[in-house]
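What follows is one structure encoded as structure tokens, with my remarks underneath.
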There are 2 protein chains.
Amino acid sequence: MEHSSQLLKGVLDMCLLALIAEDPSYGYEMASKLEQRGLELVSEGTIYPLLSRLQKKGYIEGYFVESAGGPPRKYYRILPDGSDRLSRWAHEWQTVSNGVGAILNGGPNGGSRG
Amino acid sequence: MEHSSQLLKGVLDMCLLALIAEDPSYGYEMASKLEQRGLELVSEGTIYPLLSRLQKKGYIEGYFVESAGGPPRKYYRILPDGSDRLSRWAHEWQTVSNGVGAILNGGPNGGSRG
DNA sequence: CTCAAGTACCTTGCGGAACAAGGTAAACGG
DNA sequence: CCGTTTACCTTGTTCCGCAAGGTACTTGAG
């Protein structure tokens, strides 16, 4: 089922996917990136399971890269299916976002002046 | 705990509160209103527990009104605490909404041209 | 009255999402 | 060796929202 409600729950999935689509990245870094964009809501314990889920669904793939000052990093790269899913999610997000915005502003038939 | 992540989960709470803030309403009707605004994601089984939670937190209060063609309706009206909470939620929503939008569009420092 | 349908409310059982907390491992400096 | 930072992963718990089920009031058909 592609219920829009899943969109709300899957907002983090979508954000992670969008981040990876921009540039391959790794979990530890994504937490920082999310903050830069205004979403300081994620902890590592949230991100890693999410990344695994995304990979399991075939949206992304991971590969290890040696790091200079620490353990190897697990980078993730977007796959065609992920790109496709991201487009759909982005579209759904627009719909929901607009809907919520409309409700917050009094709705199209309510009017902000009413 | 005022984590923004709760905002994503609590989007329905917020929408219901916004609806009630506009005009007192009752559960059965709110489902329809949500649809009018583009959110067709809610069923009655979702709304009623939400309404109870909102009331329990002191954001709204319910009162019964006789109905012509059916059982009495339980209208909800917003309370000062609810009004206040709604303002905060709306503000947080803006932040998160903008953040997600930024991520979807390539981010402020990423650029759509990469 | 009985049966069906529409309005309106509420609860229970289930699965998924995110958090908090905890554990493992590699590199650097004292 | 030990402590800190970087970096990854798992487990236990809570909360959310859906699907399904149940109750109650009113109107219309037979």
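Chain letters run A, B, ... following the sequence lines, proteins first and then strands; every chain starts at 1.
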- Under the side-chain contact (heavy atoms from CB on, under 4.5 Å) rule, collect the residues that match up with A:Tyr28, sequence neighbours excluded.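 A:Tyr28: side-chain contact (heavy atoms from CB on, under 4.5 Å) contacts with A:Tyr26, A:Glu44, A:Tyr48.
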Write down the distance between [atom1] ([X]) and [atom2] ([N]), rounded to a whole number of angstrom.
X	N	atom1	atom2	value
B:Leu12	D:dC15	CG	C1'	13 Å
B:Arg53	D:dT14	CZ	P	15 Å
B:Leu51	C:dC10	CG	C1'	11 Å
A:Leu54	D:dC9	CG	P	13 Å
B:Lys56	C:dC10	NZ	C1'	15 Å
B:Met14	D:dC16	CE	C1'	15 Å
B:Phe64	C:dC9	CZ	P	8 Å
B:Ile47	D:dC18	CD1	C1'	12 Å

- Query: If we only count heavy atoms from C-beta on, is the B:Cys15 to A:Ile103 side-chain gap below 4.5 Å?
  - Reply: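 The answer is yes; the side chains approach within 4.5 Å.
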- Residue closer to the 5' end of DNA chain D, B:Pro49 versus B:Glu66 (nearest nucleotide):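 The residue closer to the strand's 5' end, by nearest nucleotide, is B:Pro49.
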- Please confirm whether the backbone N or O of B:Pro80 pairs with a side-chain atom of B:Asp84, one donor and one acceptor, at under 3.5 Å?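 A pair under 3.5 Å: no.
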- Message: Please verify the inter-ring angle class for A:Tyr59 with A:Trp89; under 30° counts as parallel, over 60° as perpendicular, anything in between as tilted.
- Response: perpendicular
- Any Lys/Arg nitrogen of A:Lys74 or A:Glu61 sitting under 4.0 Å from an Asp/Glu carboxylate oxygen of the other? no
- Could B:Asp81 and B:Arg85 be called an ion pair, given the rule that one side-chain N must be under 4.0 Å from one carboxylate O? no
Give each protein N/O atom lying under 3.5 Å from an N/O atom of nucleotides 5-8 of chain C, with the pair distance.
| residue | atom | partner | partner atom | Å |
| --- | --- | --- | --- | --- |
| C:dA8 | OP1 | B:Tyr26 | OH | 3.4 |
| C:dA8 | OP1 | B:Arg73 | NE | 2.4 |
| C:dA8 | OP1 | B:Arg73 | NH2 | 2.4 |
| C:dA8 | OP2 | B:Tyr26 | OH | 3.4 |

